[in-house]
Number of protein chains: 2
Amino acid sequence: MMKATLPERVERVERVERVKGVCCPPSITVPPARVDASVEVLKALADPTRLQMVGVLKRSSRPVCICDFTAAFELSQPTISHHMAKLRDAGLVDVTKVGIWAYYRLAGHLEPKTRALLDVLV
Amino acid sequence: MMKATLPERVERVERVERVKGVCCPPSITVPPARVDASVEVLKALADPTRLQMVGVLKRSSRPVCICDFTAAFELSQPTISHHMAKLRDAGLVDVTKVGIWAYYRLAGHLEPKTRALLDVLV
DNA sequence: TCAACGAATTGATGGTCGTCGATGGAATCC
DNA sequence: GGATTCCATCGACGACCATCAATTCGTTGA
């Protein structure tokens, strides 16, 4: 967050006192395990079916019955349910059961970063 | 992009004329295969090592020698090279060889969406 | 009570992914 | 030329993933 600007057009690579056989002294400071949380969300979204699901839910003003996804995608009902469970486990969607049917919507308690991520993606 | 706002706090699920046994007539309009491009980038980022790599490259004002990553992470050299190749294949990083060493930096021709994605993530 | 329906779970299978050791290739230095 | 160093690739292995058929669970309605 310290440097939002990118190294624009660095054509000439400035060598940093690199000596053969002394590779590599400068240890990179790796940000801790907040990365894992992001990776969990990324893995949940890194699938065409699930990304489309999230896109539909984001654009829908009301909860969507999961049976509509089963009808829309050319996948079996267990597969659709499995994908939605992944989104549920990642905390991206909430479910409300109404009788026989299960209605899904985007989670209301999304972190700002996750919200921003969805705004960029879908 | 039409509705950035979310269905805030929809507690009461409004049923949409759903009749038992007639599931499910309304076919969801699924956006086409621009999803695949996003999924490719998401897959490239959905790994702790690669996400940290991208974070380091984004914060660095100059290209980073890949040997520094080999030293920083507790992974073998082929694994580090393999991860960087994934980022390369996804078009996220560029490489410049200087003698023995290989210097990596964020790609300069990133799409605005991808750039925004990285701004949110790392 | 029992049949019908939607959704979730289970078990199995083929494919992909992350990881490593070994090898190959290119550049540098003696 | 030959040895050394760094990087990429290859082959292999275990783990995870996406998918489906079959089954189970909860609810509805006759």
Side-chain angles (χ1 to χ4, degrees), chain A residues 13 15-26 35-36 39-40 42-53 63-90 93-105, chain B residues 13 15-26 35-36 39-53 63-90 93-104:
Chain A
V13 174
R15 301 181 55 173
V16 195
E17 303 286 342
R18 186 133 342 251
V19 182
K20 197 172 164 187
V22 196
C23 196
C24 307
V35 172
D36 295 338
V39 167
E40 187 191 356
L42 288 173
K43 281 185 182 175
L45 295 174
D47 179 272
T49 303
R50 292 197 290 268
L51 190 58
Q52 287 182 355
M53 282 176 163
V64 179
C65 178
I66 195 176
C67 62
D68 289 333
F69 291 107
T70 304
F73 299 103
E74 294 180 350
L75 292 173
S76 66
Q77 178 266 323
T79 300
I80 296 294
S81 182
H82 160 259
H83 282 306
M84 198 60 90
K86 287 247 178 184
L87 295 178
R88 232 187 313 124
D89 294 342
V93 300
D94 289 337
V95 59
T96 305
K97 294 217 175 185
V98 178
I100 294 296
W101 298 281
Y103 290 85
Y104 282 87
R105 60 181 183 278
Chain B
V13 174
R15 302 180 53 174
V16 195
E17 302 286 340
R18 192 149 314 271
V19 183
K20 197 172 165 188
V22 196
C23 198
C24 310
V35 172
D36 295 339
V39 167
E40 186 190 356
V41 175
L42 287 173
K43 281 185 182 174
L45 296 174
D47 179 272
T49 304
R50 292 197 291 269
L51 190 58
Q52 286 181 354
M53 282 175 164
V64 179
C65 179
I66 196 176
C67 62
D68 290 332
F69 291 107
T70 305
F73 299 103
E74 293 180 351
L75 291 173
S76 67
Q77 178 266 324
T79 301
I80 296 294
S81 182
H82 161 259
H83 281 306
M84 198 60 90
K86 287 246 179 183
L87 295 178
R88 232 188 312 126
D89 294 342
V93 300
D94 289 337
V95 59
T96 305
K97 295 218 176 184
V98 178
I100 293 296
W101 297 281
Y103 290 85
Y104 282 87

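Treat the numbers as computed from the prediction; the structure is a model and nothing was measured. Proteins get letters first, then strands, A, B, ... in listed order; numbering begins at 1 in each.
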- Note on the structure: Correct closest heavy-atom pair for A:Val19 and B:Trp101 would be C-CZ2, 4.0 Å
Solution key, residues 76-87 of chain B side-chain donor-acceptor pairs under 3.5 Å, sequence neighbours excluded:
unit_1  : atom_1 : unit_2  : atom_2 : d
B:Ser76 : OG     : B:Thr79 : N      : 3.4
B:Ser76 : OG     : B:Thr79 : OG1    : 2.9
B:His83 : ND1    : B:Arg50 : NH1    : 3.0

- For A:Lys86 and D:dC16, give me the distance from atom NZ to atom P, rounded to whole Å. 11 Å
- Query: What does nucleotides 19-28 of chain C look like as a protein-contact string, B for base, S for sugar-phosphate only, - for none, at under 4.0 angstrom between heavy atoms?
  - Reply: BBBB----BB
- Query: Could you state the CE-P distance from A:Met84 to D:dT19, rounded to the nearest angstrom?
  - Reply: 14 Å
- Message: Need one value for A:Lys43: base, sugar-phosphate or nothing, where a base atom within 4.0 Å counts as base even if backbone is also close, heavy atoms only.
- Response: nothing
- Message: Quick check: closest heavy atoms across A:Tyr103 and A:Pro63, and the distance to 0.1 Å?
- Response: CB-CB, 3.7 Å
- Query: Given atom CG of B:Leu45 and atom P of C:dG18, what is their separation to the nearest angstrom?
  - Reply: 12 Å
- Task: Report the distance from atom CG of A:Leu42 to atom P of C:dC17, rounded to the nearest whole Å.
- Result: 16 Å
- Message: Please report the distance, rounded to the nearest Å, between NZ in B:Lys97 and P in D:dC6.
- Response: 14 Å
- Message: Can you tell me how far apart CG (B:Leu51) and CG (A:Leu42) are? Round to the nearest 0.5 Å.
- Response: 6.0 Å
- Query: side-chain contact (heavy atoms from CB on, under 4.5 Å) between A:Lys43 and A:Val39: does it pass, once the steps are laid out?
  - Reply: CA-CA 6 Å; A:Lys43 281 185 182 175; A:Val39 167; 3.8 Å; yes
- Query: So how far is it from A:Met53 CE to A:Asp68 CG, rounded to the nearest 0.5 Å?
  - Reply: 11.0 Å
- Output the single nucleotide from C:dG6, C:dA8, D:dA18 whose closest atom is nearest the side chain of A:Arg88. C:dA8
- Query: Do the side-chain N or O atoms of B:Tyr103 get closer than 4.0 angstrom to the phosphate oxygens (OP1, OP2) of D:dC6?
  - Reply: no
- Between A:Val95 and A:Tyr104, is a side-chain contact (heavy atoms from CB on, under 4.5 Å) present by the stated rule, with each step listed? CA-CA 5 Å; A:Val95 59; A:Tyr104 282 87; 3.5 Å; yes
- Query: What nucleotide among C:dA7, D:dC17, D:dA8 has an atom nearest to a side-chain atom of A:Cys67?
  - Reply: C:dA7
- Query: Expressed in angstrom and rounded to an integer, what is the separation of A:Trp101 atom CH2 from C:dC5 atom C1'?
  - Reply: 9 Å
- Could you state the CZ-C1' distance from A:Phe73 to D:dA18, rounded to the nearest angstrom? 15 Å
- If an axis is fit to five pairs at each end of the helix from C:dT1-D:dA30 to C:dC30-D:dG1, what is the angle between the two, to the nearest 10°? 10°
